[in-house]
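Scroll down for the structure; my scribbles are underneath it.
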Amino acid sequence: MRVRFWGTRGSIPVALTPADIRDKLAQALVAASGRRFESFGEAYAFAQQSLPFSVSHTFGGHTACVELENGREEYFVCDMGSGARPFGEHVLARQAGRPAIINVFMSHVHWDHIMGFPFFGPAYSPGTTIRIHGCHDVLEQAFRLQQSPPCFPVAFDELLARIEFVKLEPGESREVCGMKVVPKLQRHSGDSYGYRFEAGGRSVVYSTDSEHKLEVPSETEGFVDFFRGADLVVFDAMYSLAEAISVKADWGHSSNIIGVELCQRARAKHLMLFHHEPANGDATIEGVLRDARRLEELTRGAHALRISAAHDGLEIEL
Ligand SMILES: [Zn+2]
Ligand SMILES: [Zn+2]
């Protein structure tokens, strides 16, 4: 199974500012001082291989949109945040005019998770089938509402793709084009749902916009079961632990530290920090990742947990 991250930021898309770009340029110049580059290619290779992530890259970017590929014809994608726009371009380029079938799995319908849909190219492509799966009764209503006047010039009914809404039930497993999927109810304003996907002997859990109260053992055990042995857990790590348990308690999100604890208990293999706080710059998110890795090292038993922070454009082969 292959996982592609098209959008990884929480709440609202974030762009680099001119000050961010100048800062990265100055850091790159310092790192390269004393070196001589004979061509653009040499300089590019240095930028790609020798600079730290926070200088040569940036964390998202776009809001939630994560693609899963199981080697079959149909597409699978979690959420339609603003990352749905580049994902749609990818689908159209790959299909080269052939009609696509796209299976969307919605965590919930907060705006950051649906805002990419009006800009999702395949929705305007006749012959395309888009099946939007989710557990909320208001799923279709939310998609129609954001494309209603006076908020958007193209009404939902004017889209050219065939769009179907498929209601799922939490805890009930179903198979969609070779992909087994089980939704799980999560603690979040208006409810959200995580999904566990299994195909070809690999498992991916997509669990965003989910607050965890570790003092409620039954709830915690439910998530440990849901994450059990997963090859990858995409996890809402919007806050630091201090924020998650104090000022931002009950805001419906979680932390890097809680992600480490749940994944360790579940013996998951890879924790992917996701839904980054929009106020956090690249260096801060690298700090969140460093803290999570340090905690994992300090508390590691027989089982090591790999930890990464998601960024737009990241691809993982499981
Ligand atoms: Zn969100
Ligand atoms: Zn939300």
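In each ligand, atom 1 is the first atom listed, and ligand 1 is the first ligand listed.
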Taking only residues two or more places apart in sequence, or in another chain, which ones meet Phe53 in a ring-ring contact (aromatic ring centres under 6.0 Å, His included)?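 Phe53: ring-ring contact (aromatic ring centres under 6.0 Å, His included) contacts with His57, Phe59, His311.
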
Suppose the cut-off is 2.8 Å; which protein N/O/S atoms would you list for the Zn ion (ligand 2)? His108 NE2, His110 ND1, His188 NE2, Asp209 OD2

Salt bridge between Glu297 and Arg294, side-chain N to carboxylate O under 4.0 Å?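 Looking at Arg294 together with Glu297, the answer is yes, because their closest N to O distance falls below 4.0 Å.
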
Tell me whether Arg174 is salt-bridged to Glu172, with the criterion being a basic N under 4.0 Å from an acidic carboxylate O. no

Determine the interplanar angle of the Phe274 and Phe5 rings, folded into 0 to 90°, and report it as parallel if under 30°, tilted if 30 to 60°, perpendicular if over 60°.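 Geometry flag for Phe5 against Phe274: tilted rings.
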
Which pairs pass salt bridge (charged side-chain N to carboxylate O under 4.0 Å, His left out) with one or both residues in residues 98-113, sequence neighbours excluded? Glu73-Arg98

For residues 9-29, which residue pairs qualify under ring-ring contact (aromatic ring centres under 6.0 Å, His included), counting only residues two or more places apart or in two chains?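 Qualifying pairs, neighbours excluded: none.
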
